[in-house]
Every structure is written in C-alpha cells, then in structure tokens.
Q: 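Below is a structure I'd like to ask you about.
This one's a predicted model, so the numbers in the text were calculated from it and none came from an experiment.
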Amino acid sequence: MFNTPFAISFALLLSFPLLFLFAPQIFPPKHIEISIPDELDDLALFRRATLASIGVNGGAISRLGTTNPHMKIAFLFLTNTDLHFAPLWDRFFANHDDLFNIYIHADPSSKITPPSGRVFKGRFIASKRTQRASPTLISAARRLMATALLDDPLNSYFALVSQHCIPLHSFNFIYNSLFRSQFPEYRSFIQILSNESYMWDRYVARGESAMLPEVPFDRFRFGSQFFVLTRRHALVVIRDRRLWRKFRMTCLNEDSCYPEEHYFPTLLSMEDPQGCTQYTLTRVNWTESVNGHPRTYFPVEISSELIYKLRESNSTYSHMFARKFSPDCLKPLMDIADKVIFRD
C-alpha cells in the first residue's frame with residue numbers, strides 16, 4: 001500500500017497534464033504585448049507613409065497600387081480568420097478596378113486560407129498578431145492605413161471592415177455617395193460618443209490618472225472601431241505619438257479595457273471634430289449582444305427585408321456596411337446579391 005504523502009505526490013504528478021489541457025479555460029489568456037521591435041517597425045512604416053504623402057521620397061508607389069486619374073476607396077480588411085464573404089465582395093468590386101484598392105491585415109498566428117477571388121490576390125500586407133480588447137487592434141488599423149497611404153496617392157477614403165462585414169449597397173452607390181454631394185465633402189464617417197454610462201470605468205481602466213494630462217476625462221470618447229476616414233484623417237492617425245503612448249498602456253482592469261473603441265474617436269474629436277460626421281456607416285446590432293460581441297445574423301434570417309432594415313438609420317444617410325454575419329450566410333447572401341444588395 002502507498003503511504004499518504006506518496007499518494008498525494010503521485011496524484012499531483014498525474015494532474016499536471018490536465019492542468020496544461022484546461023489552463024486556457026481556467027485562466028484567461030494574457031493580452032498580447034506590443035514588442036519594441038514591432039513598435040519600431042511600425043514607426044518606420046508610418047514615417048515612410050508620412051513622407052510619401054507630403055511629396056518627400058518621391059511619393060513612391062509600391063507594387064500593390066495602380067496609377068489612374070480617379071480618386072479611390074481603400075478597403076482595409078482586418079481579420080483573424082478566413083474571409084468567408086470574399087465571393088460576395090468579389091462581386092461587389094467587379095468592373096471597378098480603377099476605383100479601389102484592397103489591403104488585408106491577417107493575424108499571422110491564424111491559419112488563414114487566401115481568398116480565391118481575383119481582387120484579393122496579393123493584397124495581404126505585413127501583419128502582426130492581434131487580440132480583441134487590446135492595443136494590437138489599433139496598431140493593425142494604423143498599419144493598414146499607412147500601407148494604403150504609401151501604396152497609392154489616389155487612395156482618398158479608407159474604409160475599415162472585418163471578415164464579418166458585408167456591403168449593403170452596390171459599389172457605385174457607395175462610391176458616388178462618398179465622392180458626391182450627398183454627404184458633406186471630405187468628412188470622416190466615424191462614430192463619436194461621449195455620454196455612455198460605462199465611460200468612467202473605461203477611462204480609469206489603466207489607473208485613475210493614467211490618461212492625464214494628454215486625455216482628460218471630458219475629452220475621452222467612444223465609437224465603433226469600423227469607420228471610413230478621409231486621407232487627411234488617416235495621416236493624423238499615423239502621425240500621432242502623443243495619444244498612442246496612453247492608449248497602448250496595459251490596463252489594470254481588463255473587464256473595462258477596449259482601447260480600439262476609444263483611441264480613434266478620441267484622437268479625431270480632439271484634432272478635428274468639425275471634420276467628422278460623428279456617425280459610422282457600418283450597421284451593428286448591440287441590442288442582443290453576447291459576451292461583448294454584437295448580434296450575429298444566421299442563414300435563416302437572410303432576406304431582402306433584413307437588408308433594407310439594416311440600411312436604415314436615424315439620420316439622413318444610409319448604412320453602407322453591416323456586421324456581424326455567420327460564415328454560412330454566404331450562400332443566401334449570394335442568392336440575393338444581384339437582385340437586392342447590389343440593385344440600387
């Protein structure tokens with residue numbers, strides 16, 4: 001018979017494999033830290049993009065871009081999974097090659113299969129790891145903007161979308177709405193809110209005085225992380241160092257830490273509030289959110305009525321994009337693409 005101390009030691013030894021197996025469920029994953037080499041890489045990219053945009057360094061255009069006389073929309077895809085709706089986007093972009101560019105930031109730790117669509121070929125940029133509710137998502141969005149700024153001087157609007165986003169209108173409708181008089185000329189479409197009930201908890205997530213003096217509480221803002229920025233504002237974002245030093249700080253209260261929802265609206269409301277519409281063009285349903293994620297739509301719900309409803313807003317504009325859709329919504333969306341989504 002084993003004595004008691006030996007039996008306890010033996011049981012503990014056997015439990016180690018189980019600890020490794022279940023540790024991710026027992027202990028939440030630690031936020032990814034932005035390393036100094038990664039930060040330096042980004043700063044070098046931002047500097048090149050800034051210099052190119054003011055005519056220094058020859059304004060070089062990289063292999064990703066094309067030269068034509070039309071202003072373009074840069075579509076910035078931020079993803080950590082496959083682009084499940086690539087066929088829908090491929091149809092959306094068809095026959096408009098000289099009016100857009102695509103840039104994809106894909107988390108390198110995820111095994112992502114490149115989309116088969118022609119428009120996505122060769123559009124992946126140099127990427128770093130990302131994690132929800134962390135500054136890595138801010139870095140990824142800035143990386144996308146800098147690459148697009150450097151790539152093509154004709155990129156005039158920068159639309160940040162995720163793998164869960166779909167277009168709600170045809171390309172022509174969206175392009176004409178952005179570049180013609182239907183909307184205020186050269187303004188960014190970014191949600192900027194200031195009176196949400198949870199603002200104080202999020203403001204002090206890094207410590208009660210951590211954001212001072214750069215960001216006093218009355219200048220702290222909230223908004224959707226998906227937006228459409230003008231070229232001028234994209235440059236403001238990549239040139240910023242002052243606010244970035246605050247928002248990249250580690251949170252002490254991770255339950256209230258969502259820097260990607262605060263950095264962009266805070267920065268732009270401080271730098272150029274009149275140049276922002278204060279609203280987003282991406283429809284998201286938070287009324288039935290689950291674990292901090294917006295409502296997800298499933299195949300059984302896809303219909304022309306849903307598309308028309310998602311386009312609606314409380315303002316005079318129409319939503320251009322919507323999220324969040326499950327990957328298996330692709331077929332029913334493709335079934336109504338030509339007759340509903342792209343017919344306007």
Side-chain angles (χ1 to χ4, degrees), residues 42-78 93 96-105 123 125 138-161 171-172 174-192 223-244 263-282 317 320-321:
D42 284 346
L43 289 173
L45 172 63
F46 299 161
R47 183 174 183 274
R48 292 198 306 275
T50 300
L51 292 177
S53 293
I54 59 176
V56 181
N57 209 23
I61 300 176
S62 79
R63 64 177 179 82
L64 292 178
T66 57
T67 303
N68 64 69
H70 302 289
M71 292 186 293
K72 300 179 183 180
I73 305 173
F75 287 85
L76 315 177
F77 286 83
L78 179 56
F93 289 121
H96 299 290
D97 288 4
D98 60 344
L99 300 178
F100 71 90
N101 282 308
I102 294 172
Y103 307 89
I104 305 169
H105 187 290
R123 310 311 300 180
I125 74 167
I138 301 174
S139 291
R142 297 175 86 201
R143 212 170 285 131
L144 280 162
M145 286 184 227
T147 303
L149 285 164
L150 183 63
D151 183 59
D152 192 337
L154 293 171
N155 285 331
S156 302
Y157 271 107
F158 300 73
L160 185 67
V161 294
F171 183 91
N172 280 335
I174 292 176
Y175 185 91
N176 292 334
S177 296
L178 290 175
F179 289 109
R180 293 184 182 172
S181 59
Q182 179 176 340
F183 287 128
E185 189 175 4
Y186 302 120
R187 296 179 73 191
S188 288
F189 300 87
I190 178 170
Q191 185 180 45
I192 300 177
S224 167
Q225 69 183 98
F226 299 101
F227 43 70
V228 180
L229 301 188
T230 61
R231 187 177 185 90
R232 181 178 77 255
H233 285 160
L235 280 165
V236 168
V237 168
I238 68 164
R239 286 171 176 164
D240 172 61
R241 305 289 181 270
R242 185 165 162 266
L243 265 62
W244 167 242
Y263 171 75
F264 298 103
T266 299
L267 173 64
L268 293 180
S269 70
M270 293 177 75
E271 293 289 335
D272 185 19
Q274 298 305 313
C276 301
T277 62
Q278 315 288 314
Y279 55 75
T280 178
L281 296 179
T282 301
Y317 68 97
M320 303 297 181
F321 314 102

Q: Taking only residues two or more places apart in sequence or in another chain, which ones pass salt bridge (Lys or Arg N to Asp or Glu O under 4.0 Å) with D42?
A: R143
Q: Can you tell if the side chain of V228 reaches within under 4.5 Å of the side chain of M320, non-hydrogen atoms only?
A: no
Q: How long is the straight-line distance from CD of Q278 back to CD1 of I192, given to the nearest 0.5 Å?
A: 4.0 Å
Q: Run the numbers on I125 and D151 for side chain to side chain contact (heavy atoms under 4.5 Å, CB included), then give the verdict.
A: CA-CA 11 Å; I125 74 167; D151 183 59; over 6 Å; no
Q: Which pair of heavy atoms, one from P265 and one from Q191, lies closest together, and at what distance?
A: CB-O, 3.6 Å
Q: List the residues meeting side-chain contact (heavy atoms from CB on, under 4.5 Å) with R242, not counting sequence neighbours, and say none if there are none.
A: E214, D240, R245
Q: From N101 CG over to D152 CG, what is the distance, rounded to the nearest 0.5 angstrom?
A: 5.0 Å
Q: Report yes if some heavy atom in the side chain of R231 is under 4.5 Å from a heavy atom in the side chain of L149; otherwise report no.
A: yes
Q: Taking only residues two or more places apart in sequence or in another chain, which ones pass ring-ring contact (aromatic ring centres under 6.0 Å, His included) with F46?
A: none
Q: Rounded to the nearest 0.5 Å, how far apart are NE2 of H70 and CG of D98?
A: 4.5 Å
Q: Please examine the side chains of N172 and H96, heavy atoms only from C-beta on, and report whether any two atoms are closer than 4.5 Å.
A: yes
Q: What closest approach, in Å, do H233 and C276 show between heavy atoms, and which atom pair accounts for it?
A: CE1-SG, 3.8 Å
Q: Of all the heavy-atom pairs spanning R187 and Q274, show the shortest one and how long it is.
A: NE-O, 3.4 Å
Q: What verdict does the side chain to side chain contact (heavy atoms under 4.5 Å, CB included) test give for Y175 and F100, after you've listed the backbone C-alpha separation in whole Å, the side-chain angles of each residue and the deciding distance to 0.1 Å?
A: CA-CA 9 Å; Y175 185 91; F100 71 90; over 6 Å; no
Q: Decide yes or no for R241 and L43: does some side-chain heavy atom of the first lie under 4.5 Å from some side-chain heavy atom of the second?
A: yes
Q: Going by the angle between their ring planes, with limits at 30° and 60°, are F171 and F75 parallel, tilted or perpendicular?
A: tilted
Q: Only counting residues at least two apart or in another chain, list the ones meeting side-chain contact (heavy atoms from CB on, under 4.5 Å) with S156.
A: M71, F179
Q: Do F77 and R123 have side chains that approach each other closer than 4.5 Å (heavy atoms only, starting at C-beta)?
A: no
Q: Who pairs with F227 by ring-ring contact (aromatic ring centres under 6.0 Å, His included), at least two apart in sequence or on another chain?
A: F264
Q: Rounded at 0.5 Å granularity, tell me how far CD in E271 sits from OG1 in T266.
A: 11.5 Å
Q: Taking all non-hydrogen atoms of both residues into account, name the closest pair between T50 and R239 and its distance.
A: CG2-NE, 3.4 Å
Q: Output yes when a side-chain donor or acceptor of T230 lies under 3.5 Å from a complementary backbone atom of S188, and no otherwise.
A: no
Q: Would you call L281 and L178 a side-chain contact if the rule is heavy atoms closer than 4.5 Å?
A: yes
Q: Search all heavy atoms of Y263 against all heavy atoms of V237 and return the closest pair with its distance.
A: OH-O, 3.7 Å
Q: Hey, which of R48, R47, M145 is the one that makes side chain to side chain contact (heavy atoms under 4.5 Å, CB included) with I238?
A: M145
Q: Does the gap between the ring centers of F226 and F321 come in under 6.0 Å?
A: no
Q: Check A146 against L45 and note the closest heavy-atom contact, atom names and distance.
A: CB-CG, 3.8 Å
Q: Please name all residues satisfying salt bridge (Lys or Arg N to Asp or Glu O under 4.0 Å) with R232, sequence neighbours left out, ordered by chain then number.
A: D272
Q: With sequence neighbours excluded, what pairs up with A148 under the side-chain contact (heavy atoms from CB on, under 4.5 Å) test?
A: A74, L76, Y103, N155, F158
